[in-house]
Amino acid sequence: MAMYYPFYLNIEKRPILIFGGGSKAYEKIEKLLPYAPALTVAAEKVTPTIKRYSEEKKLTLVRSNGSDAQELISRLHPVLVIIADVDDSKIAGIFKVCRKNSIEVHTVDKREFSTFLFPSVIRRKNFSVAVSTFGASPAAAKWVREYIERALPVSIDGMLEHLSTLRQTLAERGADLKSGRFATMYREIVDTSLNENRMLSAVEMGQIMAKYIDEA
C-alpha cells in the first residue's frame, strides 16, 4: 500500500484543472473554492451550481470529454489535476498525460489513478486541520473528523491570533529567545489553553513568557 505524506499547499490564484462537471466534481470544487485557486472545469455537461459559479467568475468552464487532456494541460499549466465525473474509459489516458507532464493528479474513488489524496479539512478562522485516514472507510473517516472538530476548543482562534504576536512582544521587551526555547514556551501556552479549554488571559500568558525571559 502506498504511503502518503501530508503537505499544506498554497493554491491561491494557482491553476487547477478538474475533469468532469457532475456531483463528484462539485464536491471537490466546494472544498477548493475557499482557498481561491484558479479553477478550470473541463466537461461536456455540468451541474446547475457549477454553471452558476462560472457565471459568477468563480471558475472557468471549457467543453471537453477528456480526450484533449494534453492540449488543456499544455495551455493551462495546472499545478494539480482532479479527475471526477469522467467516463471510465478516459481515466487511464488522462492519468497517463498528467504523469507524463509531472503533474500530481487525484481521481475520485480510484486510488490507483491518484498521486495525492483529499483529506477531510476542519477550517477555522486562523487555521485549517487536515485529517487523513488512509485506508479507512468513508464512515470511519467522517467519524474521526467530527470527533476532532468537537474536541477543538471554541477559543482556539483567538488564542492563535494572540500567539502570532508573541515574537513581536518579546522583541519589544528586549528578549531574544532562541527558536528552541521559543517553541517550548509557545507549546506550554498552547497546552495550558487546551487543557483548560479556554484562551489564557494576557496576564496568564505574560506570566509564562516572563518565566522564559528570566531563564534566558
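Any value given below was found using the heavy atoms of this structure, including those in side chains, with hydrogens, waters and symmetry copies removed. In this text the structure is predicted, and so the values were computed from the model without any measurement.
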Look only at the side chain of [X] and the backbone of [Y], and say whether a donor-acceptor pair between them is shorter than 3.5 Å.
{"X": "Thr115", "Y": "Val105", "answer": "yes"}
{"X": "Arg99", "Y": "Ile103", "answer": "yes"}
{"X": "His106", "Y": "Ile82", "answer": "no"}
{"X": "Arg63", "Y": "Glu44", "answer": "yes"}
{"X": "Thr107", "Y": "Lys110", "answer": "no"}

* Are side-chain N/O atoms of Glu188 and Thr184 paired as donor and acceptor at under 3.5 Å? ->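 Per modelled atom types, Glu188 and Thr184 side chains form no pair under 3.5 Å.
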
* **Inter- and intrachain pairs under ring-ring contact (aromatic ring centres under 6.0 Å, His included), touching residues 47-95, at least two apart** =>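 Matches after skipping sequence neighbours: Phe95-Phe113.
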
* Less than 4.0 Å between a side-chain N and a carboxylate O, is that true for Glu71 and Arg75? ->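 Salt bridge: no.
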
Check whether [X] and [Y] end up in the same hydrophobic cluster, where Ile, Leu, Val, Met, Phe, Trp and Tyr are linked by side-chain heavy atoms less than 4.5 Å apart.
{"X": "Val62", "Y": "Val46", "result": "no"}
{"X": "Leu32", "Y": "Leu61", "result": "yes"}
{"X": "Val79", "Y": "Leu76", "result": "no"}

Determine all donor-acceptor pairs shorter than 3.5 Å in which one atom belongs to a side chain in residues 16-26; sequence neighbours excluded.
| unit_1 | atom_1 | unit_2 | atom_2 | d |
| --- | --- | --- | --- | --- |
| Lys24 | NZ | Asp109 | OD2 | 3.4 |

* Smallest separation among heavy atoms of Leu72 and Ala42, with atom names ->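 So the two residues come closest at CD1-CB, 3.8 Å.
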
* To do: List the atom of Val97, the atom of Asn101, and the distance in Å for their closest heavy-atom pair.
  =>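 Between these two residues, the closest heavy atoms are O-ND2, 2.7 Å.
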
